Undergrad: 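So that we are looking at the same thing, I have put the structure below in structure tokens.
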Amino acid sequence: MAWDFRTDPEYQAQLDWVDTFVREEIEPLDLLFPDLQFHPLDDTRRAIIDPLKDEVRKRKMWATHLGPELGGQGYGQLKLALLNEILGRSQWASIVFGCQAPDTGNAEIIAHYGTPEQKERYLQPLLDGECFSCYSMTEPHAGADPTMFTTRAVKDGDEWVINGWKFFSSNAQTASFLIVMVVTDPDVSAYQGMSMFLVPTDTPGVKIERNIGLAGEPLGEGMHALIHYDDVRVPADALLGGEGQAFAIAQTRLGGGRIHHAMRTIGLAQKALDMMCERALSRSTQGSLLGDKQFVQGYIADSYAQLKQFRLFVLYTAWEIDEYNDYKRVRKDIATAKIVMPDVLHDIAWRAMQVHGALGVSNEMPFNGLIHGAAVMGLADGPTEVHKVTVARQLLREYKATDDLWPTEHLPKKLAAAKAKYAEYLEHEVGNL
Ligand SMILES: Cc1cc2nc3c(=O)[nH]c(=O)nc-3n(C[C@H](O)[C@H](O)[C@H](O)COP(=O)(O)OP(=O)(O)OC[C@H]3O[C@@H](n4cnc5c(N)ncnc54)[C@H](O)[C@@H]3O)c2cc1C
């Protein structure tokens with residue numbers, strides 16, 4: 001039977017172990033070391049984190065989506081989805097399991113397009129969990145439309161010289177290297193004239209002008225860098241993939257990244273729903289439990305319905321990626337998951353917050369972070385509006401216009417056709433009357 005919604009018992013046992021491990025061993029780290037996931041480990045954190053990573057490796061759950069040749073299990077995207085929905089509950093969990101964004105996407109494109117030398121230098125340490133990487137694409141004046149990018153690389157002998165500005169380059173301050181998308185040929189269309197370079201962060205001329213934080217973080221602190229590439233010289237072999245291939249590479253990277261965010265978002269939204277239900281059963285007002293009030297029941301039912309639909313769609317999309325091994329073919333569904341994701345997280349987190357009353361909006365509960373996280377999901381890896389355009393365009397390709405004045409489903413036209421089709425019988429019936 002092709003449609004089967006069960007997880008095989010062996011993998012389910014692994015997931016059950018992960019669930020307990022994340023709750024008991026990793027979630028406490030979110031409180032002890034918030035926002036330090038992408039900082040090199042100091043001695044204290046290494047003493048805690050390294051044994052946890054060892055345990056994950058021992059259980060054969062490290063970077064499971066990668067093939068064995070890259071140190072993973074080759075489990076693919078569907079199994080990763082089932083794993084990520086557990087890991088999504090915690091900020092630290094993806095790091096401990098070797099599948100954190102943006103490094104997974106970056107590793108994926110180096111594995112796909114990198115030379116053996118590039119793989120050895122950049123990919124292996126990344127896969128070993130010993131360094132971080134940064135994807136540097138958005139510019140201060142242009143994000144959603146990459147054809148407007150102006151950061152330029154010019155060939156000079158055996159080297160390329162990069163000049164320009166990049167904005168919101170996540171984790172640049174702690175990354176060992178940057179993957180930078182630049183214009184290499186301004187005379188052709190952006191789709192052929194842009195290339196990707198692998199640039200070690202300590203290359204002279206890579207200047208982090210300032211780090212930008214997300215709402216709630218103090219000014220001047222944060223993980224998203226404004227970078228000035230100021231006469232940055234890199235050798236010819238710093239080019240990732242061929243010259244002019246940046247768009248193709250970006251699609252590979254962002255396709256994977258987007259669906260991975262969606263997988264983790266299931267975990268966050270489930271956590272919000274769990275909190276909502278616990279509160280509904282624990283708090284009474286005006287003579288009955290919150291869970292007995294119809295408004296609150298509506299919040300719970302709407303949240304469950306949204307989450308279940310989203311989860312099934314994400315799992316289905318992950319299955320498609322495994323099945324077709326072609327991000328382009330699955331692009332419409334990845335974009336659809338990306339569109340739905342912020343709303344699902346926002347709506348469920350907002351209802352959960354509301355049900356918690358004043359405590360919900362306080363800094364003693366995590367709802368504000370979840371709601372802001374939903375807003376981030378509507379922007380990172382491309383704004384929702386742009387993905388809606390993608391979905392609509394792709395969907396419209398599956399249809400064709402009618403030549404007729406009246407739509408295909410025009411009832412008088414269809415009735416006339418139906419009568420014509422069965423004219424013989426209809427006449428007979430009339431004759432019998
Ligand atoms: C937390 C976070 C981390 C990020 N990390 C990285 C990173 O590591 N590397 C990196 O390169 N970038 C990163 N980004 C940047 C992200 O990719 C961009 O924010 C995104 O592509 C949108 O670009 P923009 O912010 O310049 O918005 P703009 O392009 O200015 O768009 C602004 C708004 O205009 C509207 N809009 C845009 N285009 C259309 C359209 N075609 N139709 C209708 N409406 C439209 C939308 O409402 C959109 O939100 C990150 C962003 C966030 C929030």
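As the structure lists them, so they are numbered: ligands from 1, and atoms in each ligand from 1. Please read all numbers here as calculations on a predicted model, not as lab measurements.
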Undergrad: Polar contacts were defined as any N/O atom of the residue lying under 3.5 Å from an N/O atom of the ligand; does this apply to S170 and ligand 1?
TA: yes

Undergrad: Look only at interatomic distance and state if V376 has a nitrogen or oxygen under 3.5 Å from any nitrogen or oxygen of ligand 1.
TA: no

Undergrad: Strictly under 6.0 Å, is that where the ring centroids of F132 and F177 end up?
TA: no

Undergrad: Quick one: nearest non-hydrogen protein atom to atom 47 (O) of ligand 1, plus distance?
TA: E385 OE2, 2.6 Å

Undergrad: Could you list the atoms of ligand 1 found under 4.0 angstrom from a heavy atom of V386?
TA: 38 (N), 39 (C), 40 (C), 41 (N)

Undergrad: Checking contacts now, so for atom 14 (N) of ligand 1, which I'm interested in, is there any protein heavy atom under 4.0 Å?
TA: yes

Undergrad: Under 3.5 Å, is there a donor-acceptor pair between the T174 and H39 side chains?
TA: no

Undergrad: Quick one: which ligand 1 atoms are inside 4.0 Å of a heavy atom on D381?
TA: 17 (O)

Undergrad: Kindly give the heavy-atom pair with the smallest separation between L178 and V206, and that separation in Å.
TA: CD1-CG1, 3.8 Å

Undergrad: Which residue and atom name correspond to the protein heavy atom nearest atom 19 (O) of ligand 1, and how close is it?
TA: L379 O, 4.3 Å

Undergrad: Does atom 49 (O) of ligand 1 have a protein heavy-atom neighbour under 4.0 Å away?
TA: yes

Undergrad: With side chains defined as the heavy atoms from C-beta onward, is the minimum distance between W92 and F33 less than 4.5 Å?
TA: yes

Undergrad: Distance under 6.0 Å and angle within 45° of the ring axis: does K166 meet both against Y229?
TA: no

Undergrad: For ligand 1, which atoms sit closer than 4.0 Å to a heavy atom of M137?
TA: 10 (C), 11 (O)

Undergrad: Can you see which heavy atom on N171 is nearest to which on P102, and at what distance?
TA: ND2-CD, 3.4 Å

Undergrad: Please report the shortest heavy-atom distance between S169 and C134, naming the atom on each side.
TA: CB-SG, 3.5 Å

Undergrad: Quick one: salt bridge (Lys or Arg N to Asp or Glu O under 4.0 Å) partners of K332, sequence neighbours excluded?
TA: E398

Undergrad: Does S169 reach ligand 1 with a nitrogen or oxygen that is under 3.5 Å from one of the ligand's nitrogen or oxygen atoms?
TA: no

Undergrad: Among protein heavy atoms, which sits nearest to atom 16 (C) of ligand 1, and what does the distance come to when rounded to 0.1 Å?
TA: T138 OG1, 3.7 Å

Undergrad: Within the structure, does G143 bring an N/O atom to less than 3.5 angstrom of an N/O atom in ligand 1?
TA: yes

Undergrad: As an exercise, identify every atom of ligand 1 less than 4.0 angstrom from a heavy atom of Y135.
TA: 7 (C), 8 (O), 9 (N), 10 (C), 11 (O)

Undergrad: My question is simple, although I want it checked carefully: is atom 30 (O) of ligand 1 less than 4.0 angstrom from any protein heavy atom?
TA: no

Undergrad: I'd like to know whether CZ of F295 has more than 12 heavy-atom contacts from other residues, nucleotides or ligands below 6.0 angstrom.
TA: no

Undergrad: List the atom of K60, the atom of Q73, and the distance in Å for their closest heavy-atom pair.
TA: O-CG, 3.3 Å

Undergrad: Quick one: which ligand 1 atoms are inside 4.0 Å of a heavy atom on A144?
TA: 21 (O), 22 (C), 23 (O), 29 (O), 37 (C), 38 (N)

Undergrad: Mark the output for V389 as yes if a heavy-atom distance to ligand 1 is under 4.0 Å, and as no if none is.
TA: no

Undergrad: Quick one: nearest non-hydrogen protein atom to atom 7 (C) of ligand 1, plus distance?
TA: F168 O, 3.0 Å

Undergrad: What atoms of ligand 1 come closer than 4.0 angstrom to any heavy atom of H224?
TA: 1 (C), 3 (C)

Undergrad: For atom 33 (C) of ligand 1, what is the nearest protein heavy atom, given as residue, atom name and distance?
TA: P383 CG, 4.9 Å

Undergrad: Quick check: does any side chain N or O of K293 sit under 3.5 Å from a backbone N or O of A280, one acting as donor and the other as acceptor?
TA: no

Undergrad: Among side-chain atoms of D8 and Q12, is any donor-acceptor pair under 3.5 angstrom?
TA: no

